[in-house]
Amino acid sequence: MSAPLDSAAKVATGADGDAPLLTATGVTRFYGERIGCEDVSFDLWPGEVLGIVGESGSGKSTLLRCLAGLDRPTSGRIGFRDGSRVTPDIFALDEQRRRALMRTAWGIVHQNPRDGLRMGVSAGGNIGERLIDRGDRHYGNIRVAAVDWLQRVEIDPARIDDRPTQFSGGMQQRLQIARVLVSEPKLVYMDEPTGGLDVSVQARLLDLLRALVRDLGLAAIIVTHDLAVARLLTDRLMVMRRGRVVEEGLTDQVLDDPQHPYTQLLTASVLAA
Amino acid sequence: MQKSVGPPKRDEAYNFAYLDEQTKRMVRRALLKAVAVPGYQVPFGSREMPLARGWGTGGIQVTASVIGPDDTLKVIDQGADDTTNAVSIRRFFARVAGVATTEATGEASIIQTRHRIPEAPLRAGQILVYQVPQPEPLRKLEPKEAETRKMHAWGDYGLMHVRLYEDIARFGRVATTYSYPVLVNGRYVMSPSPIPKFDNPKLGMCAALQLFGAGREKRIYAIPPWTEVKSLDFDDHPFEVQTWDEPCALCGAADSYLDEVITDDKGSRMFVCSDSHYCEERRAAGHVGRLLGSETGQKLTGGAKE
Ligand SMILES: Nc1ncnc2c1ncn2[C@@H]1O[C@H](COP(=O)(O)OP(=O)(O)O)[C@@H](O)[C@H]1O
Ligand SMILES: [Mg+2]
Ligand SMILES: [Zn+2]
């Protein structure tokens with residue numbers, strides 16, 4: 001299974017940890033004349049948690065949707081490495097292979113749980129679908145995995161046959177996280193994962209996310225307009241403005257000693273994020 | 001009861017088998033494609049037929065396109081040859097194609113069916129034509145045609161197993177008993193039309209050619225002879241067919257699909273073969289069920305035979 005290695009791609013074969021998991025090169029997306037995001041390049045390493053911050057409309061979601069394979073960039077490349085299997089550009093794959101990769105190699109936690117869950121399918125079925133997509137055909141094993149994951153996201157396993165419509169917003173979000181993590185992805189994308197939740201519910205979800213990401217050694221890219229969320233969850237930060245990255249670095253550095261005037265305004269909470 | 005009727009005179013007012021030659025060629029092209037890609041739904045330009053939709057116009061167009069003057073046609077509806085639907089389709093083809101008709105499964109070269117596969121094993125050279133109301137096995141899960149088309153193209157069938165999972169979680173078993181989805185030739189998930197899942201095992205490695213016509217939905221699909229057909233299931237919840245606690249009350253068959261029949265206004269009931277020809281043949285061969293000689297049994301078999 002040797003995908004042709006693009007010489008221009010920075011991704012290279014090697015043991016996990018020797019090379020980036022994800023390589024974005026000049027990722028640009030326009031909506032007609034309007035810029036969504038422009039010329040974004042970075043590497044993401046295995047186990048690394050990257051935050052993307054910036055005020056509303058700065059292009060965070062646009063970038064994330066491109067990275068996650070949901071929307072095709074106008075130009076630029078997104079490379080992905082799964083062990084020794086290298087994909088120089090996920091958008092050079094046909095849609096079928098890209099969908100297969102999206103189902104196995106990474107997961108997406110949507111801000112609105114309705115976008116990430118099947119509301120007409122039980123909690124157990126929602127978690128089970130990812131395993132079924134992976135080829136699991138043993139009901140008992142799927143059931144055991146679903147119970148395990150409900151517990152890990154702090155949902156009473158007795159609720160396994162209830163539909164998400166019977167769950168609170170916080171529970172729906174935790175169920176969505178279980179559905180994404182059950183298939184053991186290498187990378188998780190999250191767009192404002194705590195948005196729309198009460199503050200106390202947010203705090204609990206953040207603690208849970210932090211523990212899960214740490215325990216599983218997951219790489220994650222988390223979009224947020226909330227700098228407190230960024231500080232709590234991320235190792236590294238990219239600051240976006242008008243579709244471009246204006247500053248990036250270690251999270252504590254960026255937040256405590258911002259270099260770009262825009263970041264200084266952001267951290268001073270002068271800008272309404 | 002007359003079992004076989006020799007070729008009647010064809011009504012010359014119609015083209016042979018009612019459809020014009022161009023339409024038949026169009027349907028045949030769709031059939032060839034369907035046979036070449038087992039289980040794949042081929043769109044076709046379904047025509048108006050002189051029967052109301054829901055009466056099997058898809059199956060009738062398929063039959064009309066493959067039938068020749070030397071064919072012998074059998075038509076069954078829920079296993080029986082003598083329902084209004086079966087009788088009118090048989091008469092239709094006797095008139096417009098002048099073909100011989102029969103109730104004997106073994107004598108027929110073409111069998112058009114609604115909701116059953118005959119109990120007697122089919123043989124090479126026979127064609128089984130199914131009337132299909134809803135050809136899309138994914139429709140209940142995904143209402144959008146563009147999406148189901150992609151799911152078929154990519155073999156993206158996880159959702160089918162999610163549905164089975166939901167059944168087992170709720171009822172302890174897969175509750176689907178009709179139109180139970182199958183995987184054809186390891187590639188396409190297909191609806192076998194509303195046959196009972198009891199008949200599913202007969203779909204696979206069948207000597208006969210199986211053609212499916214959906215008139216309203218304008219789709220044709222096929223299972224060529226000797227094709228692998230697998231009913232979807234889980235490893236630890238394998239596919240199972242219906243079983244009955246008692247054999248057929250008329251012929252004693254323990255291997256056929258049984259219909260429940262209420263025999264009096266006190267709610268007494270009995271179970272009899274849904275395949276009426278199979279039952280008759282067994283009785284003719286001397287098999288005797290629990291109620292064959294009884295009053296109720298005589299009512300059902302149309303009087304004492306022999
Ligand atoms: N579907 C779309 N069609 C047109 N313009 C869009 C669309 N989505 C986003 N945009 C525009 O792209 C820019 C970036 O938006 P977005 O990525 O949603 O920012 P953020 O997530 O940082 O709030 C904004 O100017 C926004 O109006
Ligand atoms: Mg956004
Ligand atoms: Zn019988």
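Side-chain atoms are counted along with the backbone in the values below, which use heavy atoms only and exclude waters and symmetry mates. Residue numbers begin at 1 in each chain, while the letters A, B, ... track the order of the sequences.
The main-chain N or O of A:Gly120 is found under 3.5 Å from a side-chain atom of A:Arg163 such that the two form a donor-acceptor pair.
With rounding to the nearest 0.5 Å, the separation of NE2 in A:His138 from CD1 in A:Ile132 is 13.0 Å. The CD atom of B:Gln131 sits 9.0 Å away from the OG atom of B:Ser193 when rounded to the nearest 0.5 Å.
If you measure heavy-atom distances from A:Arg99 to chain B, the contacts under 4.5 Å come from the side chain alone. In this structure, the portion of B:Arg170 lying under 4.5 Å from any heavy atom of chain A is its side chain and not its backbone. Heavy atoms of A:Arg130 lying under 4.5 Å from chain B are absent altogether. In this structure, chain A has heavy atoms under 4.5 Å from both the backbone and the side chain of B:His161. Only the side chain of A:Ile142 comes within less than 4.5 Å of a heavy atom of chain B; its backbone N, CA, C and O stay farther away.
With respect to the salt-bridge test (charged N to carboxylate O, under 4.0 angstrom), the residues B:Lys144 and B:Glu142 qualify.
Here A:Gly125 is the residue among A:Gly125, A:Gly140, A:Gly135, A:Gly128 with the most heavy-atom pairs under 4.5 Å with chain B.
Between A:Asp161 and A:Ser122, the side chains place no donor N or O within less than 3.5 Å of an acceptor N or O (distance only, hydrogens not considered).
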